[in-house]
Structure formats: structure tokens, C-alpha cells
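Chain identifiers are assigned alphabetically (A, B, ...) following the order of the sequence lines, protein sequences preceding nucleic acid strands; residue numbering begins at 1 within each chain. Just so we're clear, the structure is a prediction, and the values are computed from it rather than from any experiment.
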Amino acid sequence: MQFTLNPPSPISLYSVIHSHGWFQLVPFEILDDGQGLAYTMQLAAGRVTRFEVSAVDNLIQISTSNDLPADEEAEVRKSVRWMLSMDSNLEDFYEAAKDEPRLQKAIQKGAGRILRSPSLFEDVVKTILTTNTLWNATKSMTRKLVSAYGTAHPHDPNLHAFPKPEAVASVSEEELKETVRVGYRAPFIAELARRIADGSLDLEGLRTSQLPSKELRAEFLKIKGLGPYAAANLLMLLGRYDFLPIDSWALKMVSLEWHNGAPVKPADVEKAFSRWGNFKGLAYWLWDWTSNP
DNA sequence: GGTAGACCTGGACGC
DNA sequence: GCGTCCAGGTCTACC
């Protein structure tokens, strides 16, 4: 079945999809033309569906692999809206950035909306899987986690939804290490899943939290496996741009951009983007580093 | 508050 | 084919 979403403001689907590497992590898929996205999702009632998202005229078109009752169609609509950050308002950032040469490409592309998963659990787990490892390993661990513990699509056993916390909580740390090859991250992921499953952590509640970013960051830092980089990355996904996700790449880029390749510290990255205030994360995220190697 | 060392995996490299 | 080294954030212990 097919239906459309009407964005509240112009949206570049391509820019959202390519806002970061999430589209390379299952159950995301990139469509053959590179312009659209597919995602396999387990809906609240348990059904697994795969839907494709593409841009048609000024609308976002969604095609699902199977017919859905009205309540599940509404669930997919709501999820896609969230995944594409459709309700983010970037006008103030664009106004602030209009005279910055390093941000002109981003503005011209309509970039700034960040692709995210339907659940914060998925985004937190994936963020943990990006830490202290290389991107190929992140892709591998995610693929193994999804194929081992995610519910399969009824018509295509090769497609799996991202596992629910309950499914991960039922797995021992040893099995996670063995099956998913997550190494020392196993206890972090297992504990996170257990706390959500037993109700002691309302992670999804943080998605719409009204807490100030500093306090929301503190909530993320309480989760084992999430440090300053991961917390800032998650804040970015939630549309909070006032903390910088500083990793080794950020240090390298800032070093090349402003320090002639000399070693820099996180404080130097902070200083480089401090003038952007509450938009500094977005300015960093969208910065055009192309003159650097 | 700052720092050092350990934690794991997979890929690159040398032999 | 085997062994060694390295990259990548976070945690814990220690000062």
C-alpha cells in the first residue's frame, strides 16, 4: 500500500538520508537509485513490515510491503515523520549561517535534518556500536545483532527488524559477545536492554523530554557505555545542538582547519565552534571540511 | 578534575 | 598462514 506525508516545510530527503552513516546500518537500506530509503520495522502489535520512503514532488511517499490496518498505517506515518526529523525547524540556523562560507553547501542542499531510528533504543545501541571501533565493525556488529535477534519479515526471511529491548534482554552477555562480536560492549547493551525491559528505565521518554540539554545529557551519561561523545551524538539526533560529539575525527579536522595539523584537545574543538551557541553541534555537523584531506 | 591503562575486534602489515 | 600492531571511546582506579 502507498500513502504520502506532507512536510511542514521543504525537505531534502537525500540530505536527510545522507546526514550521517545510519543509512548503512540495517535495518535501513538505501534504494537502488540512492535517492530513497527502506526500513524494516516491527510495529507495536508485532507485525514486521518493510517500507520504502521516497520524495515525489514536494511530498514524502511511503510504500509498505503489505497492507496495514489504519492504526498501523498511522504508526508508520508517525515513525517516518520522526525518522526524517520532519518537524525540525532549521530557519534560525540557516539565518545564523547565511554568511559563513563553510556552511553554504549545506544550506544550498537543505541539509540539517538528521536521520534517526524509530526508537531511541536503536539509536543508543547503534551509537554504542560506533564507539571505539571502525565503521566496518559497526556495520558488522549491527548486522549480526539484527539478524540474530530481530524478528524476521514474514515474506522475506533475510529481512529483520531491529530487535526489541525484551529480545536483547533475554540474551546472556556471553552469547552477545559470541554471536554479535560486540566484545566489552556486551554488558553495556545487555544492561540497557534489561533496564528498559524491566521498566526501570524509560528511554523512549527521553525522545520528547523537555529537560534542558545539560540535564538530558546527564541522563544519557548515566547509561553505561555512553560517554561524552556518545551523549552529544544522541543529543544531536534529538535535535539538541548545544554539545559537540567530539571524536578522533573531529580532533583531526579541527587540527587541520585551524591549527596547521598540530595536535588539539576537545577544548580546542569547543572553542572553534563556540560562536555558534546552541547551534554549534549543527555547525560542526554540516561544516564543509573538503579543503582538508 | 585530570590522567593512565585496560577493554575488544577486525583489518593492515610483515614475515 | 601466523603473529604483531593499530584505531577507535569509555570505564575504572588512582592521584
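- For A:Thr130 and C:dG9, the shortest distance from a side-chain N or O to OP1 or OP2 is not below 4.0 Å.
- OP1 or OP2 of B:dG10 sits under 4.0 Å from a side-chain N or O of A:Lys144.
- Between A:Glu173 and A:Lys177 there is no salt bridge, since no side-chain N of the basic residue sits under 4.0 Å from a carboxylate O of the acidic one.
- Residues from residues 172-191 of chain A with heavy atoms under 4.0 angstrom of DNA chain C, sorted by number: A:Tyr184, A:Phe188.
- By the 4.5 Å heavy-atom criterion applied to side chains, A:Tyr39 and A:Phe162 are counted as neighbours.
- In plain terms, the two heavy atoms of A:Lys98 and A:Gln104 that are nearest each other are O-NE2, 3.0 Å.
- Taking the ring centre of A:Trp82 as origin, the terminal cationic atom of A:Arg116 falls inside the region bounded by 6.0 Å and 45° from the ring axis.
- In this structure, A:Lys224 atom NZ and B:dC7 atom C1' are separated by 14 Å, rounded to whole Å.
- At whole-Å resolution of the value, CE in A:Met141 and P in C:dG9 are 12 Å apart.
- Comparing A:Asn132 and A:Ser140 by the nucleotide of DNA chain B whose heavy atom lies nearest to each, the residue mapping closer to the 5' end is A:Asn132.
- Spacing between atom CG of A:Leu221 and atom P of C:dC11 amounts to 8 Å, rounded to whole angstrom units.
- The pair A:Glu75-A:Lys78 does not meet the salt-bridge criterion, since no charged nitrogen lies less than 4.0 angstrom from a carboxylate oxygen.
- Between the CD1 atom of A:Ile128 and the P atom of B:dC8 there is a distance of 15 Å, rounded to whole Å.
- For the pair A:Thr131 and C:dG8, the criterion of a side-chain N or O lying under 4.0 Å from OP1 or OP2 is not met.
- A:Asp247 comes within contact range of the sugar-phosphate backbone alone, with a heavy-atom separation under 4.0 Å but no base atom that close.
- As a whole-Å value, the separation of A:Arg217 CZ from C:dT10 C1' is 13 Å.
- Taking atom CG of residue A:Leu134 and atom P of nucleotide C:dG8, one finds them 7 Å apart after rounding to whole Å.
- The shortest non-hydrogen separation linking A:Val180 to A:Met141 is CG1-O, 3.2 Å.
- A:Ser248 comes within 4.0 angstrom of sugar-phosphate atoms only, judged by non-hydrogen atoms across all strands, and of no base.
- A:Ile223 places its CD1 atom 11 Å from the P atom of C:dC11, with the value rounded to the nearest Å.
- When rounded to the nearest whole Å, the span between NZ of A:Lys252 and P of C:dG9 equals 12 Å.
- For A:Ala38 against A:Leu31, the heavy-atom pair with the smallest separation is CB-CD2, 3.9 Å.
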